[in-house]
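Single-structure report; data block below.
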Amino acid sequence: METNTNRIIEVHDLTVSYNKKPALWNVDFDLPEGKIIGIIGPNGAGKSTLLKSIMGLLPMASGYIKIYGKDLEAIRKRVSYVPQRGSVDWDFPASVREVVMMGLYQQQKWFRGASQLDQQKVDQALEKVGMLPFAHRHISQLSGGQQQRVFLARAMAQQADLYLMDEPFAGVDASTESSILELLSTMRNEGKTIIVVHHDLQTAKDYFDHIVLLNTRLIAAGPVEEVFTPQHLQDAYGGKLTLLHEVGELLQKENIPTREG
């Protein structure tokens with residue numbers, strides 16, 4: 001069981017509703033520091049809703065969220081958020097460098113603009129994701145994988161302690177996915193905490209140290225080996241598991257019946 005000394009996020013009795021229909025219902029868990037944490041569950045389970053709630057982007061019907069034992073506003077500079085790539089207007093007139101620099105705006109004095117140190121942070125972040133040669137290119141001219149790398153660079157330039165990422169592996173090729181995972185592992189080894197919304201069950205058990213399994217309600221939260229059990233997966237996905245070959249074989253081995261939808 002995780003101790004209070006390394007607790008980074010506490011979610012208590014969280015309920016979030018859309019049009020009076022709950023997207024998250026009475027969700028309650030703690031998350032440890034210095035881990036790569038996956039938020040997984042079927043479509044419509046509330047994964048992105050949870051991430052946006054942690055970032056204060058959605059109103060809560062009930063409950064509270066603490067980060068480092070405090071409200072978000074008190075520690076906002078320590079938190080970085082990477083939204084879904086599909087939610088961004090990539091025709092916005094900005095270069096790769098300008099997009100990454102935007103991640104530093106909240107840390108800058110508006111009247112002075114970017115300092116030499118800010119420029120160095122941007123260059124270092126772009127170099128880490130392999131996008132420094134594209135610094136002056138317009139963001140609309142990039143591939144999906146390159147756009148995702150720019151988003152990661154923008155977050156890394158903030159030099160935060162906690163990173164929240166909504167589907168960073170969506171729509172990228174295998175090479176980009178592998179390089180992103182390597183980058184996240186390096187960040188974790190430097191003491192950062194990364195929380196990732198992820199949709200692929202078959203890679204989740206290999207990508208993450210800790211998992212939050214959702215389906216509107218919390219199914220389970222904890223180390224991968226404790227959460228990734230046939231019963232927990234069956235509770236979250238039901239009959240949909242039969243579409244996932246590897247997990248389907250696991251259920252068959254355990255002789256767990258599937259049910260519809």
Side-chain angles (χ1 to χ4, degrees), residues 7-31 33 36-92 94 99-108 110 139 147-148 150-171 184 187 192-199 210-218 221:
R7 177 192 298 175
I8 192 169
I9 289 182
E10 178 187 358
V11 177
H12 183 68
D13 291 340
L14 176 66
T15 296
V16 179
S17 299
Y18 294 116
N19 298 321
K20 299 183 179 180
K21 181 179 180 181
L24 290 171
W25 180 258
N26 200 31
V27 172
D28 200 295
F29 61 86
D30 298 334
L31 294 179
E33 191 170 15
I36 304 177
I37 300 165
I39 300 175
I40 65 174
N43 290 338
K47 302 185 295 294
S48 294
T49 297
L50 175 58
L51 215 63
K52 291 175 182 177
S53 298
I54 294 172
M55 283 304 302
L57 300 175
L58 292 174
M60 295 179 286
S62 67
Y64 65 81
I65 299 172
K66 297 290 184 182
I67 307 175
Y68 297 107
K70 300 178 180 180
D71 292 332
L72 174 65
E73 289 305 317
I75 46 81
R76 184 174 287 276
K77 289 184 178 180
R78 299 180 67 184
V79 183
S80 182
Y81 173 59
V82 180
Q84 289 185 16
R85 187 170 56 85
S87 67
V88 176
D89 178 10
W90 291 102
D91 291 325
F92 183 77
V99 170
V100 177
M101 186 64 71
M102 289 175 189
L104 298 175
Y105 282 174
Q106 66 178 8
Q107 300 174 10
Q108 296 172 358
W110 282 99
I139 54 172
Q147 290 173 344
Q148 191 64 66
V150 172
F151 253 27
L152 290 173
R154 180 180 181 274
M156 293 173 65
Q158 294 178 249
Q159 300 181 349
D161 297 312
L162 171 63
Y163 293 83
L164 308 178
M165 303 185 179
D166 199 346
E167 297 272 15
F169 300 113
L184 300 188
M187 293 165 67
K192 310 296 186 183
T193 304
I194 305 105
I195 302 175
V196 176
V197 169
H198 191 58
H199 69 277
H210 195 98
I211 281 179
V212 177
L213 181 59
L214 291 175
N215 193 347
T216 306
R217 294 177 182 269
L218 178 70

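Treat the numbers as computed from the prediction; the structure is a model and nothing was measured.
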Nearest-0.5 Å distance, [atom1] of residue [X] to [atom2] of residue [Y]:
X	Y	atom1	atom2	result
M55	I65	CE	CD1	10.5 Å
S53	L72	OG	CG	11.5 Å
K52	D166	NZ	CG	6.5 Å
E167	L51	CD	CG	10.0 Å
H199	N43	NE2	CG	8.5 Å
Y68	E10	OH	CD	15.0 Å

Compare every heavy atom of [Y] with every heavy atom of [X], then report the nearest pair and how far apart it is.
X	Y	result
V197	P168	O-CD, 3.7 Å
V100	A157	CG1-CB, 3.9 Å
P42	N215	CG-ND2, 3.5 Å
F151	Q84	CE2-O, 4.3 Å
H210	A221	NE2-C, 4.3 Å

*Partner set under side chain to side chain donor-acceptor pair (under 3.5 Å) for D161, not counting sequence neighbours*: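 Per chain and number, D161 pairs via side chain to side chain donor-acceptor pair (under 3.5 Å) with R78.
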*Only counting residues at least two apart or in another chain, list the ones meeting side chain to side chain donor-acceptor pair (under 3.5 Å) with S80.*
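Q158.
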Side-chain heavy atoms of [X] within contact of [Y], under 4.5 Å:
X	Y	answer
L24	T216	no
R154	M102	yes
I54	Y81	no
V82	Y163	no
Y18	T49	yes

_Donor-acceptor under 3.5 Å (K47 side chain, H198 main chain)_ = no
*Distance-only, no hydrogens or angles: does the K70 side chain make a donor-acceptor pair with backbone N or O of I75 under 3.5 Å?*
no
*Just one of L164, L184, I37 clears the side-chain contact (heavy atoms from CB on, under 4.5 Å) bar with V196, so which one?*
L184
*Matching residue for I9 among V79, D30, T193, L162 - test: side-chain contact (heavy atoms from CB on, under 4.5 Å)*: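 By the side-chain contact (heavy atoms from CB on, under 4.5 Å) criterion, I9 pairs with just one of V79, D30, T193, L162: L162.
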*Please report the C-alpha distance between M165 and I194 in whole Å, then the side-chain angles of each, then the deciding distance to 0.1 Å, and finally whether the side chain to side chain contact (heavy atoms under 4.5 Å, CB included) criterion is met.*
CA-CA 7 Å; M165 303 185 179; I194 305 105; 4.0 Å; yes
_Filter on ring-ring contact (aromatic ring centres under 6.0 Å, His included), then keep only pairs touching residues 38-63, sequence neighbours left out; what's left?_
none
*Give the ring-plane orientation class for H12 versus Y64, where under 30° counts as parallel, over 60° as perpendicular and anything between as tilted.*
tilted
*Determine, stepwise, if the pair L14 / L50 fulfils side chain to side chain contact (heavy atoms under 4.5 Å, CB included).*
CA-CA 9 Å; L14 176 66; L50 175 58; 3.9 Å; yes
_Assess the residue pair L214 and I39 against the criterion (side chain to side chain contact (heavy atoms under 4.5 Å, CB included)); give the C-alpha distance rounded to whole Å, side-chain angles, the decisive distance to 0.1 Å, and a yes or no._
CA-CA 7 Å; L214 291 175; I39 300 175; 3.9 Å; yes
